[in-house]
Undergrad: 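Have a look at this one.
All residue numbers in this chain count up from 1 along the given sequence. All ligand and atom numbering here is 1-based and tracks the order in the structure.
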Amino acid sequence: MNVSVIGYGASPLGGVFGETPVAEGIRAVHCAIDNGINYFDVSPYYGLTVAEERLGQALEGKRDKIFLTTKCGRYGKVPEGFDFSAERITASIDESLKRLRTDHVDLLQAHDVEFCQDPDQLVNETLPAMRKIQESGKARHIGITGLTLKALRDIATRAEIDTILTYCHYNLMIDDLDDVLTPVCRDKGIGLINASPLHMAILTAKGPPDWHPAPQEIKDTGAAVVKLCAESGVDLAGIALRYCIDHPYVSTTLVGMSKLRHVEANLRVVDYQIDPEVLGRIQKLIAPVKNITWIGN
Ligand code: NAD
């Protein structure tokens with residue numbers, strides 16, 4: 001897959017960061033496609049199937065212009081919302097395809113694998129079931145996603161997978177992705193997808209949603225960075241997204257979008273140049289909490 005450097009994160013279409021009118025979400029998706037974003041990421045979990053429904057609606061007549069990826073195994077909150085059994089995975093893809101109004105996805109990912117109680121199940125049951133789905137033509141590639149880098153790395157060393165998606169491990173606030181995961185992806189030729197360049201809305205004027213699991217000190221620091229950028233007339237989303245796009249190995253950076261103005265702003269990042277002086281001031285603010293993470297949400 002030859003994917004665009006900016007990928008469309010569709011979780012906001014499911015209302016994960018607050019409600020967006022359906023028509024606005026459709027306009028956002030169409031603007032992204034018309035301007036060259038060709039990679040779309042969704043999951044049955046986002047908005048408990050709403051994001052898949054809305055993305056499917058927006059993609060009517062446009063499906064063949066993009067790479068479409070969804071997930072399986074996560075359907076609700078921790079701990080009861082997970083089912084990585086072969087039976088559930090096999091049913092899940094059919095449900096997703098129906099909602100997405102297509103006959104295949106380009107990538108099917110096991111969602112948030114650190115919550116699978118038994119890693120052996122993933123290796124011996126889930127991933128083989130996903131390979132069968134690939135053989136059937138319903139998915140072109142298979143991968144895994146999650147927050148815990150070591151869990152992702154361990155599975156990547158035990159099983160054959162095409163891609164890994166991780167989030168909140170490479171952006172202005174954190175960069176431990178390269179210590180743990182990037183080397184194994186390079187060695188094994190695994191596609192690496194980096195999500196959440198805005199640290200799941202911490203680096204936005206609106207701020208993080210109530211459910212955001214980061215410790216308060218990280219949220220407070222994010223708010224201080226937002227204030228600094230507002231006072232200095234700096235486009236924080238621009239600098240944050242550009243920082244991620246410049247990663248030398250990551251194939252695509254997934255940013256969550258459901259509003260037209262965010263798609264338009266994020267497209268401009270392709271031509272954005274980071275001012276090193278401004279970056280230095282932001283990094284100084286972040287330094288006391290740099291690389292602090294949390295348990296998956
Ligand atoms: P993000 O860091 O991309 O932040 C999204 C938030 O930023 C939303 O509130 C959005 O409205 C806002 N935003 C986007 N562009 C903006 C701009 N220019 N100005 C101001 N605000 C802007 O976090 P995310 O959405 O969680 O991550 C991106 C995508 O990655 C998700 O939508 C999802 O598709 C994927 N993802 C997957 C996993 C997983 O598989 N486990 C986990 C996290 C994210």
Undergrad: Within 45° of the ring axis of Phe67 and under 6.0 Å from its six-membered ring centre, is that where the NZ or CZ of Arg140 lies?
TA: no
Undergrad: Do ligand 1 and Val255 have nitrogen or oxygen atoms that lie under 3.5 Å from each other?
TA: no
Undergrad: Looking at Pro12, which atoms of ligand 1 are within less than 4.0 Å of one of its heavy atoms?
TA: 32 (O)
Undergrad: Please work out which of His262, Met257, His111, Met200 has its closest non-hydrogen atom nearest to atom 17 (C) of ligand 1.
TA: His262
Undergrad: For atom 10 (C) of ligand 1, what is the nearest protein heavy atom, given as residue, atom name and distance?
TA: Gly256 O, 3.3 Å
Undergrad: Of the protein's non-hydrogen atoms, which lies at the shortest distance from atom 15 (N) of ligand 1, and what is that distance?
TA: Asn266 ND2, 3.0 Å
Undergrad: For the pair Trp211 (side chain) and Phe17 (backbone), establish whether a donor and an acceptor sit closer than 3.5 Å, ignoring hydrogens and angles.
TA: no
Undergrad: Should Arg74 be listed as contacting ligand 1, given a heavy-atom distance under 4.0 Å as the test?
TA: no
Undergrad: Examine distances only and state if a side-chain atom of Arg63 and a backbone atom of His104 form a donor-acceptor pair shorter than 3.5 Å.
TA: yes
Undergrad: Would Lys259 count as being in polar contact with ligand 1, using the rule that some N or O on each side must be under 3.5 angstrom apart?
TA: no
Undergrad: Can you sort out which atoms of ligand 1 are near Gly9, meaning under 4.0 Å from one of its heavy atoms?
TA: 29 (C), 31 (C), 32 (O), 34 (O)
Undergrad: Would you mind listing which atoms of ligand 1 come within a distance below 4.0 Å of any non-hydrogen atom of Tyr46?
TA: 33 (C), 34 (O), 35 (C), 36 (N), 37 (C), 38 (C), 39 (C), 40 (O)
Undergrad: Is the NZ or CZ atom of Arg242 both under 6.0 Å from the centre of the six-membered ring of Tyr272 and within 45° of that ring's axis?
TA: no
Undergrad: Nearest protein heavy atom to atom 34 (O) of ligand 1, by residue and atom, and its distance?
TA: Asp41 OD2, 2.6 Å
Undergrad: Does Val42 reach ligand 1 with a nitrogen or oxygen that is under 3.5 Å from one of the ligand's nitrogen or oxygen atoms?
TA: no
Undergrad: Quick one: does Thr204 get an N or O within less than 3.5 Å of an N or O on ligand 1?
TA: no
Undergrad: What are the atoms of ligand 1, with element, lying closer than 4.0 Å to any heavy atom of Asp112?
TA: 39 (C), 41 (N)
Undergrad: By number and element, which atoms of ligand 1 are closer than 4.0 Å to a non-hydrogen atom of Ala10?
TA: 32 (O), 34 (O)
Undergrad: Is it the case that the side chain of Ser92 and the backbone of Ile89 share a donor-acceptor pair, with hydrogens and angles ignored and the cut-off at 3.5 Å?
TA: no
Undergrad: Using a 3.5 Å cut-off on N or O atoms only, is Ser196 in polar contact with ligand 1?
TA: yes
Undergrad: Check ligand 1 against Ala195 and write out every atom of the ligand that is under 4.0 Å from a heavy-atom position of the residue.
TA: 30 (O), 35 (C), 36 (N), 44 (C)
Undergrad: Which of the atoms in ligand 1, numbered in the order shown and given with their element, are less than 4.0 Å from a heavy-atom of Leu165?
TA: 37 (C), 38 (C), 39 (C), 40 (O)
Undergrad: Take every heavy atom of Tyr8, measure it against each atom of ligand 1, and state whether any distance is under 4.0 Å.
TA: no
Undergrad: Around atom 4 (O) of ligand 1, find the nearest protein heavy atom and jot down its residue, atom name and distance.
TA: Ala201 N, 3.5 Å
Undergrad: Hey, mind stepping through Thr145 and Gln109 against side-chain hydrogen bond (donor to acceptor under 3.5 Å, both in side chains) and telling me if it holds?
TA: CA-CA 6 Å; Thr145 84; Gln109 302 154 104; 5.9 Å; no
Undergrad: What are the atoms of ligand 1, with element, lying closer than 4.0 Å to any heavy atom of Ala237?
TA: 17 (C), 18 (N), 19 (N)
Undergrad: Between Thr126 and Gln121, is any side-chain donor less than 3.5 angstrom from a side-chain acceptor?
TA: no
Undergrad: Students often mix this up, so state it plainly: with edges at 30° and 60°, are the rings of His212 and His199 parallel, tilted or perpendicular?
TA: tilted
Undergrad: Please determine which of Asp94, Asp106, Asp103 meets the salt bridge (Lys or Arg N to Asp or Glu O under 4.0 Å) test together with Lys138.
TA: Asp94
Undergrad: Relative to ligand 1, is His199 under 4.0 angstrom through side chain, backbone, both or neither, heavy atoms considered?
TA: backbone
Undergrad: Is the closest side-chain donor-acceptor distance between Arg54 and Ser258 under 3.5 Å?
TA: no
Undergrad: Report yes or no: do Gln134 and Arg131 form a side-chain donor-acceptor pair below 3.5 Å?
TA: yes
Undergrad: Would you kindly say whether Asp178 and His247 are connected by a side-chain donor-acceptor distance under 3.5 Å?
TA: yes
